[in-house]
**Student:** 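Starting off with a structure, shown below.
Both ligands and their constituent atoms are indexed starting at 1 by order of listing. It should be emphasised that the depicted structure is a prediction, and the values quoted were computed from it without experimental measurement.
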Amino acid sequence: MTKRIVLSSDHAAIDLRQAIAAHITVKGWEAVDIGPTTKESTHYPIHGKAAAEMVAAGDCDLGIIVCGTGQGIMMAANKVAGIRCGVCSDTFSAEMIRAHNNANMLALGARVLGEGLALEVVDAFLEAEFEGGRHATRVDMIED
Ligand code: RB5
């Protein structure tokens with residue numbers, strides 16, 4: 001079944017977020033882009049929380065959130081119960097946070113990564129699968 005991917009960002013990352021939405025749509029994922037749409041200054045915790053709540057509620061399977069560094073919006077998302085979000089700037093980490101940590105959200109820094117690498121990081125995250133087994137024990141410990 002097609003996975004629904006929620007996307008949000010702050011003002012620093014609108015262009016990259018929209019590029020990711022277009023890219024993942026072409027790849028066959030369902031992009032649920034919740035904005036914002038203008039570059040007016042805003043606050044990343046609002047947008048990280050909004051996306052995280054959609055994942056936590058089961059409205060979307062996974063989330064991709066973007067701010068200048070990825071760090072602030074990741075911190076906000078991880079405050080929502082059930083969210084496991086990491087900032088990745090390389091494809092290995094993006095694959096591993098799914099395979100080993102069962103991350104359900106990916107955070108990216110629009111001022112850190114060029115668009116080409118960012119899209120490869122997104123692909124690595126979305127195409128990876130959680131391996132379960134000993135990793136499930138550890139993820140359960142995080143949730144506890
Ligand atoms: C906004 O200027 C910037 O602080 C924000 O996008 C992000 O980098 C915070 O973590």
**Student:** Run the side chain to side chain contact (heavy atoms under 4.5 Å, CB included) test on Lys39 and Ile14 for me, step by step, so that the C-alpha distance in whole Å, both residues' side-chain angles and the decisive distance to 0.1 Å come before the verdict.
**Tutor:** CA-CA 7 Å; Lys39 292 187 180 174; Ile14 289 178; 4.0 Å; yes
**Student:** A quick test of your reading: do over 12 heavy atoms of other residues, nucleotides or ligands sit less than 6.0 Å from CD of Glu143?
**Tutor:**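 Above 12, so yes.
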**Student:** Could you tabulate the donor-acceptor pairs under 3.5 Å formed by side-chain atoms of residues 43-71, not counting sequence neighbours?
**Tutor:**
from  : atom 1 : to    : atom 2 : distance (Å)
His47 : NE2    : Thr42 : OG1    : 2.8
Asp61 : OD2    : Arg4  : N      : 2.7
Thr69 : OG1    : Gln71 : N      : 3.0

**Student:** Arg17 side chain to Ile34 main-chain N or O, any donor-acceptor pair under 3.5 Å?
**Tutor:**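 The answer is no, because no donor-acceptor pair under 3.5 Å joins these two groups.
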**Student:** Asp33 and Ala21: which non-hydrogen atoms are nearest, and at how many Å?
**Tutor:**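 Scanning both residues completely, I find the closest heavy atoms to be OD2-CB, 4.1 Å.
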**Student:** Search all heavy atoms of Leu16 against all heavy atoms of Ala110 and return the closest pair with its distance.
**Tutor:**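 Closest heavy-atom pair between Leu16 and Ala110: CD2-CA, 3.8 Å.
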**Student:** Under 3.5 Å, N/O to N/O: give me all the pairs between ligand 1 and the protein, one per line with atom names and distance.
**Tutor:**
from     : atom 1 : to     : atom 2 : distance (Å)
ligand 1 : 2 (O)  : Arg111 : NH1    : 3.3
ligand 1 : 6 (O)  : Asp10  : OD2    : 2.6
ligand 1 : 6 (O)  : Gly68  : N      : 2.7
ligand 1 : 8 (O)  : Gly68  : N      : 3.3
ligand 1 : 8 (O)  : Thr69  : N      : 3.0
ligand 1 : 8 (O)  : Thr69  : OG1    : 3.4
ligand 1 : 10 (O) : Thr69  : OG1    : 3.3
ligand 1 : 10 (O) : Gly72  : N      : 3.0

